[in-house]
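What follows is a set of notes on a single structure, which appears directly below.
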Amino acid sequence: MGVYNQFSLQGKTILITGGAGGIGSATAQTCIDLGARVILTDIREDALKATLASLPESQSGEPNLCFTADLTDADQLAALVDFCPALDGLVCNAGVMKLTPTQFITEEELTRIQKINLNAPILLTRSLLKKKKIKKGGSIVFTASAAGVYRVSIGNGIYASTKCGIDAFMRTVALEVGPKGIRCNSVNPGMVETALIGSFTEEEKEREKKNYPLRRFAQPEDIANGIVYLLSDASSFVTGTALKIDGGMTLG
């Protein structure tokens, strides 16, 4: 008789936001490798469909799915919730970042980033819980950040404040849904090699890497592995935890 693998996601259905690339698509691939079926959502329809087409079939035989939605739009968010079957896992990963010194912050930019990074995952979680779409024993994982939660940097006030907010929300949800057998945690990455840091020059990247004892940024798969741990039974006694995955950056 085989040994039970607590890291397995066999038979689980996982919804992943921001699924069209970066951490989202890497998480989808890892989830499928470990036996899950995934439902991907993103605002970028063509990229979302391309990502879905690039993924292997789920081991369960049930198809992986995608649903294009702007999660800052109430009607589209509601349509996504209605589209979803009962879920074993939710990964709220969609997010944006823009560096702006405080004196140049505009209300428009502040509102835009807050809606995507903070409001949307809060409202999606609310709606899924209200409709009882997350099963007992399920797991919710938010992609937060080392930024704000563990360190601050010049020009990163808006992004950092949204990530502090999502971590506070995560702990509140963990407290509320724990008695229902649902866990809630976050991953807190340092810099990750994704499109999110596309505005940085190569010189800026090399300079920033010196702040990392491992002398590199994370690959999306590094963060996906942390997310999958939090989705799996291997973390069945872990809730309300912000898992720092930063290559030692915040040690300095």
Side-chain angles (χ1 to χ4, degrees), residues 7 16-31 33 42 44 47 51 91-106 109-110 112-114 116-118 121 141-171 185-231 235 238 240-252:
F7 292 91
I16 303 170
T17 75
I23 294 170
S25 59
T27 300
Q29 177 68 61
T30 307
C31 285
D33 289 345
D42 202 289
R44 299 169 294 161
T51 297
V91 181
C92 287
N93 169 72
V96 294
M97 180 178 72
K98 183 179 179 182
L99 295 177
T100 307
T102 300
Q103 63 267 36
F104 298 112
I105 290 174
T106 64
E109 194 69 5
L110 175 64
R112 182 182 76 87
I113 295 173
Q114 285 181 336
I116 296 168
N117 290 4
L118 185 58
V141 183
F142 296 104
T143 301
S145 178
V149 180
Y150 294 103
R151 63 166 282 188
V152 294
S153 56
I154 291 171
N156 209 19
I158 301 177
Y159 178 82
S161 64
T162 64
K163 295 305 182 178
C164 283
I166 208 64
D167 249 23
F169 179 68
M170 172 272 291
R171 292 191 294 273
N185 298 282
S186 67
V187 292
N188 292 255
M191 295 277 258
V192 185
E193 293 281 6
T194 69
L196 204 63
I197 62 168
S199 62
F200 290 82
T201 67
E202 288 304 315
E203 183 181 354
E204 287 171 334
K205 288 180 183 179
E206 290 307 311
R207 186 166 60 247
E208 180 64 22
K209 284 177 186 177
K210 293 178 182 177
N211 294 321
Y212 289 72
L214 297 181
R215 293 296 188 264
R216 69 174 179 89
F217 296 152
Q219 294 299 315
E221 292 75 16
D222 294 318
I223 313 307
N225 289 337
I227 291 171
V228 165
Y229 162 69
L230 293 171
L231 291 171
S235 63
V238 179
T241 293
L243 178 60
K244 184 166 59 172
I245 310 176
D246 72 342
M249 179 266 292
T250 54
L251 293 171

Work out which heavy atom in [X] is nearest to a heavy atom in [Y]; give both atom names and the distance.
X    : Y    : answer
G22  : T194 : CA-CG2, 4.0 Å
M170 : S186 : CE-OG, 3.5 Å
G165 : L118 : C-CD1, 3.6 Å
F217 : K205 : CZ-O, 3.5 Å
C31  : V228 : SG-CG2, 4.0 Å
A94  : N117 : O-OD1, 4.5 Å

Interatomic distance, [X] atom [atom1] to [Y] atom [atom2] [nearest 0.5 angstrom]:
X    : Y    : atom1 : atom2 : value
I223 : N93  : CD1   : CG    : 10.0 Å
D222 : I227 : CG    : CD1   : 11.0 Å
M97  : T162 : CE    : OG1   : 10.5 Å
I16  : L231 : CD1   : CG    : 7.5 Å
Y159 : T100 : OH    : OG1   : 13.5 Å
M249 : M191 : CE    : CE    : 8.5 Å

Donor-acceptor pair, [X] side chain versus [Y] backbone, under 3.5 Å?
X    : Y    : value
S235 : Y229 : yes
N185 : G240 : yes
K163 : T143 : yes
S25  : G19  : no
D167 : V149 : no
R215 : Y212 : yes

Inset, instruction - Check the side chains of N211 and E208 for a donor-acceptor pair under 3.5 angstrom, ignoring hydrogens and angles. - result: yes

Inset, instruction - Would you please say whether a donor-acceptor pair under 3.5 Å links the side chains of E221 and N225? - result: no

Inset, instruction - Mind running side-chain contact (heavy atoms from CB on, under 4.5 Å) on I113 and K98 for me, showing each step along the way? - result: CA-CA 8 Å; I113 295 173; K98 183 179 179 182; 4.2 Å; yes

Inset, instruction - Take atom CG of L251 as the centre, draw a 6.0 Å sphere, and report whether it contains more than 12 heavy atoms from other residues, nucleotides or ligands. - result: yes

Legend entry - Ion pair check, R112 and E109, cut-off under 4.0 Å: yes

Inset, instruction - Decide yes or no for Y150 and D246: does some side-chain heavy atom of the first lie under 4.5 Å from some side-chain heavy atom of the second? - result: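 Of all side-chain heavy-atom pairs linking D246 with Y150, none is under 4.5 Å.
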
